[in-house]
Structure formats: C-alpha cells, structure tokens
Amino acid sequence: MLNFLWAGMIVVGIVYAALRGDISCVTNAALDSSREAISLCITMMGIMSFWTGLMEIAVKAGIIPAFSRFLRPVMGFLFPNLPKNHKANEFITTNIIANILGLGWAATPAGLKAMEALGELQEERGKDRSIASNEMCTFLIVNISSLQLIPMSIIAYRSQYGSVNPTRIVGAGLIATGLSTLVACIYCKWKNWRQGDGVS
C-alpha cells in the first residue's frame, strides 16, 4: 500500500512540475535530496555507533543489571506473571533503558531478544509461541509508547538541519512520551484485568 502511495505522490509531483514548466526542479530536488540523505545517514550512523557502544559497555560494566534492580517494582507491576529470574527481564529492562535515553537503535536488538525469550517462555508453559502472550503484548505496547527523557534521535536530526537550540524539544518530548507511556500502561492493565475476569 505504501509503495502505491509513494509512487502516486512522485507521479503527481512530476506531472504538476511538467504542467508548470518546472521539470528541472524535480531533477534538482532529487539530486539534492539524495545528497542530503547520504549526509544524514553518515551523521546518524556515527551517533548510533557511539550510543550502541555505550550501551554495550553499560551491560559489561554491570550498569544495566543495577538499573534492572531499580526497575524491578515497575517490571513486577507491568509483568506480574513473568518469573523474576527469567532472562527476558534483562532484555526488557535494557530495551526500556535505551528507550528512556532516546536510543531507539540500541533498543531494537534488546527488544528482539526480549520477544524471543518471551516466546520461549510460552513454550515452557506448553503454549504455542506464535500466539502473543500478555507479556508480549504489554512489552510491545510499552516499547511503542517509548518514554524518553533524552530524545537523542530528534536532537541529532535538529542539529543536522541547523537548529539553533536542538535540545529545546526535550521538555515537549518528555511530556508527550510520558503521557503515551501512562496511557499504554493503563490500557495493558485494563486488558489484563478483563482477561482475568474471563472477558475476551
């Protein structure tokens, strides 16, 4: 569907430019956008490598396990049926910490490992791992809501495009992601409560 949408917008743009006699603008825009895209990718690759490396150092240094203990009450609230010593806990907390720091790139590997571990937990319970459990759904929703104290991605984009104050977005981002995470938690607990009452 998205392929048709993008193709349609490209065709409309070209036809409109041709009708106005500005077809050269389309060529110039394509070349400029390509050059800008490569520049942005190089910038983001450096930032991504830096923060992903820091997250790996944090894991090796024991910082992530320390944060995991700090987040244990939150984990117990969000995932009451998840065994305390299950390996999914570490991956989930790593993902949450990376998201809080605005490191979506560093959060992705931990998120994939968390889902894999939760799938193994489903098999241990004698259930089909292809059917999402409550823990899987809760983790996915909380992950998507993505509470961020420092939105590094947006700050990097704003810096790349010449913003005078790239960090000005921090306050608005914290409010927006805080509200989205609060709504996500309320929704997950409500759904779990309904299922506990036998309501599908």
Quiz item: Would you say the side chains of S163 and N165 form a donor-acceptor pair under 3.5 Å?
Solution: no

Quiz item: Where is the tightest heavy-atom contact between C137 and A132, given as atom of each residue plus distance?
Solution: SG-CB, 3.8 Å

Practice problem: Supply the atom-to-atom distance W193 CH2 to W190 CH2, rounded to the nearest 0.5 angstrom. | Solution: 8.5 Å

Self-check item: Any side-chain heavy-atom pair of T138 and K191 under 4.5 Å
Solution: no

Quiz item: F91 and F139: same hydrophobic cluster, using ILVMFWY side-chain contacts below 4.5 Å?
Solution: no

Quiz item: Should the heavy atoms of other residues, nucleotides or ligands under 6.0 Å from NZ of K189 be counted, would the total exceed 12?
Solution: yes

Practice problem: With rounding to the nearest 0.5 Å, note down the distance linking CZ in R72 to CG in N89. | Solution: 8.0 Å

Exercise. To the nearest 0.5 Å, tell me how far L118 CG sits from I92 CD1.
Key: 4.5 Å

Self-check item: From N192 atom CG to N134 atom CG, the distance as rounded to the nearest 0.5 Å
Solution: 4.5 Å

Practice problem: Report whether L179 and L149 are members of the same hydrophobic cluster (ILVMFWY, side-chain heavy atoms less than 4.5 Å apart, transitive linking). | Solution: no

Self-check item: Heavy-atom closest contact (M136 atom, M115 atom, distance)
Solution: O-CE, 3.4 Å

Quiz item: Does any non-hydrogen side-chain atom of E135 lie less than 4.5 Å from one of H86?
Solution: no

Quiz item: Does E90 offer a backbone N or O that forms a donor-acceptor pair with the side chain of T94 under 3.5 Å?
Solution: yes

Quiz item: According to a 4.5 Å side-chain heavy-atom criterion applied to Ile, Leu, Val, Met, Phe, Trp and Tyr, with indirect links allowed, do I144 and I97 form part of one hydrophobic cluster?
Solution: yes

Quiz item: Just by distance, do the side chain of Q148 and the backbone of G173 share a donor-acceptor pair under 3.5 Å?
Solution: no

Practice problem: Can you measure from CD1 (I100) to CG (L147) and round to the nearest 0.5 angstrom? | Solution: 5.0 Å

Practice problem: Would you give the length of the straight line joining atom CD of E120 to atom CZ of R125, rounded to the nearest 0.5 angstrom? | Solution: 13.0 Å

Quiz item: Are F70 and V142 joined in one hydrophobic group, where the rule is that I, L, V, M, F, W and Y side chains link up if heavy atoms are under 4.5 Å apart?
Solution: yes

Self-check item: Single-linkage hydrophobic cluster, 4.5 Å side-chain cutoff, I96 and F77 together
Solution: yes

Exercise. For the residue pair N95 and N143, confirm or rule out a side-chain donor-acceptor distance under 3.5 Å.
Key: yes

Quiz item: Do the side-chain N and O atoms of S145 and T181 include a donor-acceptor pair separated by under 3.5 angstrom?
Solution: yes

